[in-house]
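Here's the structure we're looking at; comments come further down.
Residue numbers start from 1 in every chain, and the chains themselves are labelled A, B, ... in the order their sequence lines are given, proteins ahead of strands.
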Amino acid sequence: MPRLPLRPLASLALLAAFALAAPLAQAHEGAGLAGGFMSGFAHPLLGWDHVVAMLAVGLWGAFLGAPALWLLPVVFPLVMAAGGALGVLGVPLPAVEIGIAVSAIALGGVVAGALRPPLWVAALLVALFAIFHGHAHGTELPQAASPLAYSLGFVVATGLLHLTGIALGLLTRWPAGRIAVRGMGAGIALLGVLFLTRAA
Amino acid sequence: MTPAASTALIVVALLLGQAGWRASRDAVLAFAFALALGLALAAAGHGGHVDVALLVLAAAGGLLVALGRPWPLPLLGAIAAAAGGGIGLDAAAEAGSPHLLTLAGSCVAACLGVAAGAWLAGLAQQRPWGRILVRVAGSWMAAAALLVLALLHARG
């Protein structure tokens, strides 16, 4: 692809962002949209059980390398949306909190054990746990001031946790880093055990 | 612009950027033409909230971005045109009784937004991590749109 002139197009992007933001500022209360986004963004970040499981997804993706590196962070939000839809529709899911705690144990465990299952097994495992995390977020959605902003907030926060996990997982390029990443996985699994004792 | 319209706009930008800026120029034009048509229809009193249609487009388009295949350009053009028309109808309905200049401003801003977003997403395609980020962003948009569609369905 030929190189494009950066400065004029960057200015154009900035101009477009301002132009698009102006009607938002005029037409909506800041609290509605911004509040909805921030509330959704904070939801996964305020629960350590969510945080460590999401970090584990990223760590495992980095550990497995491509294509798991991008597949797991793509599969997770999509299946999480399905789990969230179940929560929104009021479909009960048994033992959601236990499922979330087990996700930390299992995902932390596979990182600690440096397990390399076939890609479809890894995707299936991550997808299974995404349903529990999505259900927990989805039950909060009907109370949100702006449901779309709330959804975007918690999906983006979840994705950023994955990316953080991937960034930490890149330490596996070095021998000492591999040990550190496996140690993080073990720590996550131990935290999962703690969450499980509280949830059970 | 409503959150649904913004989401659809971002998805179109990602989709076109993923296909490559040069390849998707026609789709950008289709977006601009449909947007102007939607705004004109809305100005003539035929506008309305089309949030559900925009969310369906955002969910479908986001999935296409996440899958990351070389989709046929006519499909991208059709999605871009549908989103442009929907955003036009929605923008006018959002503004109440819009002034012509307001509509023109909405048209220019949305076209600049798609063009700039597609350019940025296209730029990201030049690096492996950039391609991953675009696909991940597509999955985020699809997930958020699917959740809100479920909520709208639950509320009847």
Report summary line: Of A/Pro77, A/Gly87, A/Ala66, the largest count of non-hydrogen pairs under 4.5 angstrom with chain B goes to A/Pro77

Report summary line: Looking only at A/Val156, A/Leu152, A/Leu71, most heavy-atom pairs under 4.5 Å shared with chain B are made by A/Val156

Of all the heavy-atom pairs spanning [X] and [Y], show the shortest one and how long it is.
{"X": "B/His153", "Y": "A/Leu89", "answer": "CD2-CD2, 3.8 Å"}
{"X": "A/Ala81", "Y": "B/Leu146", "answer": "CB-CB, 4.3 Å"}
{"X": "B/Leu151", "Y": "A/Val88", "answer": "CA-CG1, 3.3 Å"}

Are [X] and [Y] connected in the hydrophobic side-chain network, where two residues link if heavy atoms are under 4.5 Å apart?
{"X": "A/Phe76", "Y": "A/Leu115", "result": "yes"}
{"X": "A/Ile179", "Y": "A/Val181", "result": "no"}
{"X": "A/Val79", "Y": "A/Val121", "result": "no"}
{"X": "B/Leu29", "Y": "B/Val11", "result": "no"}
{"X": "A/Leu86", "Y": "A/Leu124", "result": "no"}

Query raised in the report: Does any heavy atom of chain B fall under 4.5 Å from the side chain of A/Leu163, the backbone, both, or neither of them?
Result: side chain

Query raised in the report: Side chain, backbone, both or neither: which part of A/Phe154 has a heavy atom under 4.5 Å from chain B?
Result: side chain

Report task. Flag the one option from B/Ala154, B/Ala66, B/Ala150, B/Ser139 with the top tally of heavy-atom pairs under 4.5 Å to chain A. Result -> B/Ser139

Report summary line: Comparing B/Ile132, B/Leu67, B/Leu149, B/Leu133 against chain A, the one with the most heavy-atom pairs below 4.5 Å turns out to be B/Ile132

**Report entry** Sub-4.5 Å side-chain heavy-atom contact between A/Tyr150 and B/Leu147
**Finding:** no

For [X], which atoms come within 4.5 Å of any heavy atom of chain A: side chain, backbone, both, or neither?
{"X": "B/Leu63", "result": "side chain"}
{"X": "B/Leu152", "result": "neither"}
{"X": "B/Leu55", "result": "side chain"}

Report task. Using the side-chain contact (heavy atoms from CB on, under 4.5 Å) rule, take A/Leu160 and B/Trp140 through it: C-alpha gap first, then chi angles, then the decisive distance, then the call. Result -> CA-CA 11 Å; A/Leu160 290 178; B/Trp140 291 357; 4.2 Å; yes

